[in-house]
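For the numbers below, each heavy atom of this structure counts, side chains included, while hydrogens, waters and symmetry mates do not.
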Amino acid sequence: YARNRDARDLESSAAQLLDGWKFDIALGGGAGDFRGDMKGGRRKDQRDVDLDAQRQGLLLARNPAELDALAAWRLPRVLAPLADDALPPATLPLAELTRRAIELLQLRPGGYFLIIHAARGEAAARANQSEKTLQATLELDRAVSVARQYAGSNALVVVAGLHDTGGLALNGYPLRTDKGVALLGINVTSSLPSLTWATGPNGLRQPGAPAAGEPAAVFSESAVGTVGDVLVLAAGEGSDALPPWADAAQIFELIRAQM
């Protein structure tokens, strides 16, 4: 919805969300981008965006309890910035956020279109954090399971990667029996790490420096996008029209055909 030259301009994105409000619900973190720094937020213009939201008739939910208390049968328009920054997984797992979003939308006449952005994996990959990247992947898997359960068999559920970040790969001759945390360290037989990255902060800053546990071939302040296909998975009506590897245009055409 936002049109910024820089996707990191969250202050502008928060204002655009409200100024051009066109959604039934918006759930997530980033509450600090909606309030001025005089009220503990990050906005320098001191605009109280969440107060403006209330004036537009939006219902505000600031924590999971308030979100759960909303009556879906009222078909509310909801803005729910549930944490000052990114949502901690322990506070509100992606699966729970998915469940609540579907509950709030499933009574809408004519159906609904829901986008869920699972950003924790990308953030971890940019920092060369393999364990958190894999944990975020499992979290996404649980969210997909909840989506299929709550949306029902007639719903189209599409899971698609946005892009590949960092180039995480399983290298270093891991043993066949290695799994879990055993893959995060140095392999005892080859003295090589099992997981490595193409780019990122684990790269060597200078020749001769000791290698990290999960090294990157090229140093960068944060891991950058790599050229690679992203997997597409789909279930429900029309899903058989998608190949296992698809570009964004094909996904767009499938969704448009179902609306």
Does any N or O in the side chain of [X] come within less than 3.5 Å of the main-chain N or O of [Y], such that one atom is a donor and the other an acceptor?
X      : Y      : value
Arg120 : Ala136 : no
Ser220 : Gly200 : yes
Thr137 : Thr133 : yes
Glu103 : Ala72  : no
Thr199 : Val224 : yes
Trp73  : Leu75  : no
Glu66  : Arg62  : yes
Asn128 : Asn202 : yes

Is there a path of hydrophobic side-chain contacts, each under 4.5 Å between heavy atoms of I/L/V/M/F/W/Y residues, joining [Y] to [X]?
X      : Y      : answer
Ile251 : Phe113 : yes
Ile115 : Leu242 : yes
Tyr150 : Val78  : yes
Leu82  : Leu114 : yes
Leu184 : Leu168 : yes

Quick one, [X] and [Y] - any side-chain contact, counting heavy atoms below 4.5 Å?
X      : Y      : value
Leu192 : Ile186 : no
Leu104 : Leu67  : yes
Arg99  : Asp68  : yes
Glu139 : Gln135 : no
Glu237 : Leu156 : no
Phe219 : Leu204 : no
Val232 : Val159 : no

Would you name the heavy atoms of [X] and [Y] that are closest together and state the gap between them?
X      : Y      : result
Leu170 : Leu183 : CD1-CD2, 4.1 Å
Ala147 : Thr98  : CB-CG2, 3.9 Å
Ile25  : Pro76  : CG2-O, 4.3 Å
Thr165 : Ala223 : CG2-O, 3.8 Å
Tyr112 : Ala151 : OH-CB, 3.7 Å
Gly238 : Leu254 : O-CD1, 3.2 Å

Gap separating the [atom1] atom of [X] from the [atom2] atom of [Y], nearest 0.5 angstrom:
X      : Y      : atom1 : atom2 : value
Ser222 : Glu122 : OG    : CD    : 9.5 Å
Leu70  : Leu60  : CG    : CG    : 10.0 Å
Tyr1   : Asp19  : OH    : CG    : 10.5 Å
Asp52  : Leu18  : CG    : CG    : 5.5 Å
His117 : Leu140 : NE2   : CG    : 10.5 Å
Leu58  : Asp24  : CG    : CG    : 10.5 Å

Checklist entry - Crowded around Gln54 CD? As in, over 12 foreign heavy atoms under 6.0 Å? => result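 More than 12 heavy atoms, drawn from other residues, nucleotides or ligands, come within 6.0 Å of this atom.
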Checklist entry - Is the number of heavy atoms from other residues, nucleotides or ligands under 6.0 Å of Arg148 CZ greater than 12? => result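 No, not enclosed.
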Does the pair [X]/[Y] count as a salt bridge with the N-to-O cut at 4.0 Å?
X     : Y     : value
Arg47 : Asp45 : no
Asp85 : Arg42 : yes
Arg43 : Asp33 : no

Checklist entry - Run the side-chain contact (heavy atoms from CB on, under 4.5 Å) check on Leu97 and Leu87 step by step: do they pass? => result CA-CA 10 Å; Leu97 201 61; Leu87 281 174; 4.0 Å; yes
Are a donor atom and an acceptor atom from the side chains of [X] and [Y] found within less than 3.5 Å of each other?
X      : Y      : value
Gln16  : Ser12  : yes
Gln46  : Asp37  : yes
Glu214 : Ser130 : yes
Ser194 : Asn171 : no

Item to check | Step-by-step side-chain contact (heavy atoms from CB on, under 4.5 Å) determination, Glu96 to Arg100 | outcome: CA-CA 6 Å; Glu96 282 299 298; Arg100 194 61 185 128; over 6 Å; no
Next on the checklist: Determine whether Leu79 and Phe23 satisfy the following criterion, side-chain contact (heavy atoms from CB on, under 4.5 Å), listing intermediate values before the conclusion.
Outcome noted: CA-CA 9 Å; Leu79 174 62; Phe23 308 104; over 6 Å; no
Next on the checklist: Run the salt bridge (Lys or Arg N to Asp or Glu O under 4.0 Å) test on Arg3 and Asp9 for me, step by step, so that the C-alpha distance in whole Å, both residues' side-chain angles and the decisive distance to 0.1 Å come before the verdict.
Outcome noted: CA-CA 10 Å; Arg3 291 172 172 83; Asp9 185 1; over 6 Å; no
Next on the checklist: Tell me every residue that passes side chain to side chain donor-acceptor pair (under 3.5 Å) with Arg74, counting only those two or more places apart in sequence or in another chain.
Outcome noted: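 With sequence neighbours excluded, Arg74 shows a side chain to side chain donor-acceptor pair (under 3.5 Å) to no residue whatsoever.
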